[in-house]
Amino acid sequence: MNNLQAIIFDLDDTLYSERDFVLSGFRAVANWGTANLGISQAQGYETLFDLYQQGIRNNTFNQWLQIHQIPAVSSSEETQSEVVAKLLDIYRQHTPQIDPFAESIELLKILTQSYKIGLVSDGYLEVQQRKWAALGLDHFFDAVVFSDSLGRENWKPSTAPFELVLERLNVAPEFSVYIGDNPRKDFFGARQLGMSTIQIKRIDAEYSHIPAPSLDYCADLTFDSLKDVLGAIAILNE
Ligand SMILES: [Mg+2]
């Protein structure tokens, strides 16, 4: 049908496990809590881990301070919000201890022989840049777009970051495919432009099992793992 020229990837939960980033951030927060709040490192980390396992995704650090009964914090709301802001800073500014999925590297080694390779990733710019540096994948990529560099309004599902990566790769949308995990935002903008789309639906990923808001948000093809991507590309190239 079409002959693909560019393969473009999402980052979080597509090329590495976002859970690993979260737990890496929790280790940094637990270390800070040990030095500054007197919370034991092992207990502090375990509490954060338990909150995560329970599905807590928003006021994690508020709950963490309450569980550890930090007296100076629980007595004053203002102090608590200051400490939580500091914990968020620690989390976002830590140097991530994360690795790509083994299959990411295997796949990229093969794809770089035949295709241009791109990245489109959402999230706070400096956080995403730190993840990217930690993963050591940059040498495989011809164009890297962090949508936050275009402004918050241009995060996916905006078409803008896709237009930019295609421009940098000098490839037309119909000759490209975007590979991501999150049906709420990864595929809509790419499809609007005429790109092909592949969803990687890992069994333990955070967003891959949420429903797409409508058919326009669904990927063309869905697979369990990046290991299936070479087969998917063969299908798209038929
Ligand atoms: Mg993702």
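For ligands, and for the atoms within them, numbers begin at 1 and follow the listed sequence.
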Student: Using a strict 4.0 Å threshold on nitrogen-to-oxygen distance, state whether D224 and K201 make a salt bridge.
Tutor: no
Student: CG of L51 to CZ of F61: how many Å apart, nearest 0.5 Å?
Tutor: 10.0 Å
Student: Should F101 and V229 be regarded as members of a common hydrophobic cluster, given that ILVMFWY residues are connected when their side-chain heavy atoms come within less than 4.5 Å of each other, either directly or indirectly?
Tutor: no
Student: Return all protein N, O or S atoms below 2.8 Å from the Mg ion (ligand 1), chain by chain in residue order.
Tutor: D10 OD2, D12 O, D181 OD1
Student: Is it the case that the ring center of Y217 lies less than 6.0 angstrom away from the ring center of F187?
Tutor: no
Student: Answer yes or no: does atom CG of D138 have more than 12 heavy-atom neighbours from other residues, nucleotides or ligands under 6.0 Å?
Tutor: yes
Student: Determine the interplanar angle of the F26 and Y91 rings, folded into 0 to 90°, and report it as parallel if under 30°, tilted if 30 to 60°, perpendicular if over 60°.
Tutor: tilted
